[in-house]
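For reference, the structure is listed below as structure tokens.
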Amino acid sequence: MRLVGIAGSLRSGSHNRELLRLTAEQAPVGVELVEWDGLVDVPPYDPDREVPEPTAVSELRSALRDADGVLFATPEYNASIPGALKNAIDWLSRPSLMAGPLWGKPVAVVSASTGSFGAIWAQTELNKVLRAVGARVVETGLAVAKADARLVAPDVELLDDLRRVLELVAVEAGAGGEAAAAGPALRQAQPAASRAAA
Ligand SMILES: Cc1cc2nc3c(=O)[nH]c(=O)nc-3n(C[C@H](O)[C@H](O)[C@H](O)COP(=O)(O)O)c2cc1C
């Protein structure tokens, strides 16, 4: 099972990209999480540029089509999701929502911020947008606050939570092996607690 990870930050030292990297390390047997990092090349959505589609958009479309599920890791910019991430989703929603690569796709969102609330508003917002474009959203509630300190030496509880998030997406995507066998249990095994109040 192949899951694609997308960080909502373009920053090279992004905490959210680090969150994806840590999550990939927790992948259960038979599941891999591979980052798609072309967000910086996606131009602003422009209806006049839908045909022919910009290369970066086609690459994203194809990466998501080939994926069994998607994990987004987003920061919060001014109480919402970064424009670059919303912009990419807008491209994917055109020209047809139902023919788009996110339609029916199992997805989950985690978030990280240097602030005290772990970008929980951005996470909620992204869940809403993903539902609007027809994705099957698995709620995670995993919001990593004070990410600059927390991700330097991630504790076992955080790593366990990241593994559970990945398992939840894998179960939703119909994983074989261990994840599928443990499906009902995993569905209830939400991350221990949101990091929002950490
Ligand atoms: C323009 C801008 C707006 C921000 N607004 C918020 C915010 O509303 N809430 C929050 O928790 N953090 C906010 N932050 C802080 C970012 O969430 C924090 O820098 C985070 O680490 C960025 O993610 P990254 O490390 O993955 O790049 C903001 C940062 C920027 C640059």
Side-chain angles (χ1 to χ4, degrees), residues 3-27 32-45 56-57 59-60 63-64 67 69-92 102 107-133 135 137-166 168-169 190-198:
L3 307 178
V4 164
I6 297 179
S9 171
L10 307 182
R11 204 166 72 84
S12 55
S14 161
H15 298 308
N16 284 279
R17 188 163 298 113
E18 174 65 3
L19 205 55
L20 284 182
R21 194 190 64 73
L22 287 170
T23 309
E25 286 181 357
Q26 312 310 313
E32 66 168 344
L33 177 67
V34 180
E35 188 191 352
W36 185 83
D37 66 354
L39 198 59
V40 70
D41 297 318
V42 176
Y45 172 71
V57 178
E59 286 173 1
L60 173 57
L64 296 189
V70 186
L71 178 65
F72 291 90
T74 188
E76 185 168 286
Y77 285 177
N78 299 307
S80 187
I81 55 178
L85 182 55
K86 175 64 163 52
N87 176 61
I89 296 172
D90 289 342
W91 272 110
L92 298 175
L102 286 170
V107 301
V109 178
V110 292
S111 57
S113 162
T114 48
S116 303
F117 299 100
I120 193 69
W121 281 349
Q123 186 179 133
T124 303
E125 188 85 354
L126 184 51
N127 282 341
K128 181 186 77 177
V129 171
L130 289 168
R131 275 197 198 92
V133 298
V137 178
V138 175
E139 296 271 357
T140 74
L142 184 58
V144 180
K146 314 256 189 257
D148 43 345
R150 194 106 198 274
L151 296 180
V152 172
D155 53 50
V156 173
E157 191 187 2
L158 175 58
L159 297 180
D160 277 353
D161 280 351
L162 293 175
R163 181 178 47 75
R164 284 193 196 102
V165 165
L166 215 51
L168 286 166
V169 182
Q190 295 286 350
S194 165
R195 301 292 152 238

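In each ligand, atom 1 is the first atom listed, and ligand 1 is the first ligand listed.
- Closest to atom 21 (O) of ligand 1 among all protein heavy atoms lies His15 CD2, 3.3 Å.
- Nearest to atom 12 (N) of ligand 1 by heavy atom, out of Ala143, Ser113, Ala112, Pro82, is Ser113.
- Proximity of a side-chain donor or acceptor of Glu35 to a complementary backbone N or O of Arg21 within less than 3.5 Å is not detected.
- Under the 4.5 Å side-chain criterion, counting only non-hydrogen atoms from C-beta, Leu64 is in contact with Ile6.
- No more than 12 heavy atoms of other residues, nucleotides or ligands sit less than 6.0 Å from atom CH2 of Trp121.
- From the protein, the heavy atom lying nearest to atom 18 (C) of ligand 1 is Thr114 OG1, 3.5 Å.
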If you apply the rule side chain to side chain contact (heavy atoms under 4.5 Å, CB included), what do you find for Val110 with Val144, and how did you get there? CA-CA 8 Å; Val110 292; Val144 180; over 6 Å; no
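- When non-hydrogen atoms are compared, ligand 1 lies under 4.0 Å from the side chain of Arg11 (C-beta onward) but not from its backbone.
- Annotation: atom 1 (C) of ligand 1 to nearest protein heavy atom, Asn78 ND2, 4.0 Å.
- Annotation: atom 26 (O) of ligand 1 to nearest protein heavy atom, Ser14 OG, 2.6 Å.
- With ligand atoms numbered from 1 in the order given, ligand 1 contributes 24 (P), 26 (O), 27 (O) to contacts under 4.0 Å with heavy atoms of Ser9.
- Between the side chains of Ser116 and Lys146, a donor-acceptor pair is found at a separation under 3.5 Å.
- Atoms of ligand 1 lying under 4.0 Å from any heavy atom of Pro75, numbered from 1 in the order shown and given with element: 22 (C), 23 (O).
- Scanning the protein heavy atoms around atom 31 (C) of ligand 1, the nearest turns out to be Tyr77 CE2, 4.0 Å.
- The distance from ligand 1 to the heavy atoms of Asn16 drops below 4.0 Å at these ligand atoms: 23 (O), 24 (P), 26 (O).
- For the salt bridge (Lys or Arg N to Asp or Glu O under 4.0 Å) condition, the pairs that include at least one residue of residues 107-128, sequence neighbours left out, are Glu125-Lys128.
- At a 4.0 Å cut-off, at least one heavy atom of Ala79 sits close enough to ligand 1 to count as contact.
- In terms of protein heavy-atom proximity, atom 17 (O) of ligand 1 is closest to Glu76 O, 3.2 Å.
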